[in-house]
2 protein chains.
Amino acid sequence: MADVTLRDVARASGCSVATVSRVLAGTRPVGAETARTVREAAERLGYRPNHVARALRSRSTGIVGLVVPQIANPFFPSLVRELERALHAGGRAVLLADCDDDPETEAARIGELLGRRVDALLLIPADERRSREVVVDAAAQVPLVLLDRGCGPGVADSVAVDNAAGMALVLDHLAATGRRRPCFLGAAGTASAAVERRTAYEAGAAALDPTAPERTVLGDFSVEWGRAAVDRIWPSRPDAVVCANDLIAVGALQRLRQLGADVPGDVAVTGFDDIPLAGLADPALTTVCQPVAELAAEAARLLVRGPAGAAVPGPRRPVRAVRLAPELIVRASSARSS
Amino acid sequence: MADVTLRDVARASGCSVATVSRVLAGTRPVGAETARTVREAAERLGYRPNHVARALRSRSTGIVGLVVPQIANPFFPSLVRELERALHAGGRAVLLADCDDDPETEAARIGELLGRRVDALLLIPADERRSREVVVDAAAQVPLVLLDRGCGPGVADSVAVDNAAGMALVLDHLAATGRRRPCFLGAAGTASAAVERRTAYEAGAAALDPTAPERTVLGDFSVEWGRAAVDRIWPSRPDAVVCANDLIAVGALQRLRQLGADVPGDVAVTGFDDIPLAGLADPALTTVCQPVAELAAEAARLLVRGPAGAAVPGPRRPVRAVRLAPELIVRASSARSS
DNA sequence: AAATTTCCGGAGAACGTTTTCCCGAGGTAG
DNA sequence: CTACCTCGGGAAAACGTTCTCCGGAAATTT
């Protein structure tokens, strides 16, 4: 009972393997009577198609590889979940690989996935430039979409949130609620999210008040850095602390409270990403919510390239870069200063 | 260059496909000279074995299916990560499925994974009893290990933390730091973690002070319930609030602060699981840390059943249930009351 | 009525491995 | 010298699909 094959169904229904395959796959019209008999036999025997054999013959596994830098990074689980959902809706399964933030491991895992003949790759690159080489290599073999973070211009199709728009939302909100002396807690490095959010803040803050001194400090995307950064900027008494992501913001929130600052009375704090932790912080964190489901859906859509053969026409097919608009989630940490 | 097959390597090295397979798989001794030639040719052509063909022939995909109830549940990402790591160490890849806490979806996903001919299944059941039927079905077809939550006795091999031992650690700690009037914020339902932690608390509390009134309230494993539950128990002024997991504890912490209670001065709060959020709460949460890496390693170990053929000898092979000892993480929320 | 097309179904060749046979050469034992 | 292994290697059969030919019958056209 474990292994019923097409042969068995063919024998039981008194016709050929080819016919059974056709009726079950619906790949070619087949006589109504025969079809019924076949379907019945298949049902009765409990036939279940063997995806492995199918994959070998049709050269398509229906599996896409998903490589993430750190599944434990709190922003990724919801993204992974939506990706899994979106891909599954298209009949594709997800082979998961975690590369532990290491570009070399990343390269190795990509190699293995290719060996397993995934139909496509979904990749959140671990490093802006050190991931590049492997990515172009892989992209030459299968459809590949970069997610959340970029990997240099023109390397591959990519989907991400519009970081600049998100930062603009934050700055508008702060201005509208009377904040006048913001500062920015960002991340150094060349990761696209870090760069985009940083430059968007600088542009927006300058537009708001060209005469204001610019207060920006850069570290990494962590709670610890958020805490430490507060000590650097608090002496200048900003009335708003704009953070490059939620982890930094949570750290800032903790340290500000320790220092006896009133949030949001004395100072507003904002984050970015809207990880689950953001709503649970105290006070709850105003942040920019990434349209995770849409990002996933868009990525899934980009994965299907034209009808197979069209995959390798021009080596310089134009690269598509999708940017989706985020949404501002206003919570207690930026309530209007009275 | 995309598809170099054994045939190509054979042709290039002037020997037969069989020989090439043998030398590359190392499945049978082969002449030193020939081996060298073959390896050289393979290297030169950039041969990469086709896992799909291999799987078809050898009836083993090297893929294990992992079904989780909700990847976004904050306890799972770290577990998934360690599982992926442990399995990858054994040369196996992970096909991920999220069933959205729904037993029917769970059943469907398990079916698909079996259709894809996974070698084994790793399952965190969505529901203690409604998942049972599918599980026994699946377990009859491939090695299957239940993780974190049980699914009725004797259904399949399982790996989980020793909830009773964890709860005992908590109670000992509270007793040692002078807490005398604990209460318990638990979860209703039959999920094994909920039941075990609840009964362990009751047994431990009774042993501590048989005359103490028992204060236990039951809801679900959520922050919201933690907040709500505090309103129910705070009037009786416990000096310790023991929670069935970290989410409940975080909610309790928030509500207690709102009510003006001093944690840990007036009352200690403890959690369970040690999710990332626990260390970031304010005050940082004392909790029970699950040995995630060991759980994963043990699960991976259980998956390899005797040498293939031994898989279906007695229909009533004894079921193995591994329980691993947790560790108490003492943080600020239970500092000794002075 | 003959010629052409359409329709349904079967035989069998792929897909890229692994593995079972089989064969010949050389070595050892009898 | 014959008989029997061992050893290195090849031919070919699986594994379970899909898909391309092909052939015959029925339906349509000329």
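Lettering follows sequence order; numbering is per chain, from 1.
At a threshold of 4.5 Å between non-hydrogen side-chain atoms, the residues A:Leu114 and A:Gln141 count as touching. By the 4.5 Å heavy-atom criterion applied to side chains, A:Ile63 and A:Asp119 are not counted as neighbours. At least one side-chain heavy atom of B:Leu123 sits under 4.5 Å from a side-chain heavy atom of B:Glu106.
Considering only side-chain atoms of A:Thr19, the nucleotide from D:dG9, D:dT18, C:dG10 that sits closest is C:dG10. The listed nucleotides are D:dT17, D:dG8, C:dT17; the one nearest the side chain of B:Leu6 is C:dT17. Distance from the side chain of A:Arg57 is smallest to D:dT17 among D:dT17, C:dT18, C:dG16. For A:Ser16, counting side-chain heavy atoms from C-beta on, the closest listed nucleotide (C:dA11, C:dT17, D:dG10) is C:dA11. Among D:dG9, C:dC8, C:dT19, the nucleotide with an atom closest to any side-chain atom of B:Arg28 is D:dG9. The side chain of A:Ala53 lies closest to D:dT17, out of D:dC19, C:dG10, D:dT17.
Residue A:Thr34 places none of its side-chain N or O atoms closer than 4.0 Å to OP1 or OP2 of C:dC8.
Side-chain to base pairing of B:Arg117 with D:dG16: no donor and acceptor N or O lie closer than 3.5 Å to each other. Donor-acceptor pairing under 3.5 Å, judged by distance alone, is absent between the side chain of B:Arg22 and the base of D:dG8.
Contacts of B:Thr5 with the nucleic acid, taken as non-hydrogen atoms under 4.0 Å apart, involve only primed sugar atoms and P, OP1 or OP2.
A salt bridge does not link A:Glu40 to A:Arg44: none of the charged side-chain nitrogens sits closer than 4.0 Å to a carboxylate oxygen.
Atom pair A:Asn50:CG and D:dA14:C1' shows a separation of 14 Å (rounding to whole Å applied). The nearest whole Å value for the distance from the CG atom in A:Leu56 to the C1' atom in D:dT17 is 8 Å.
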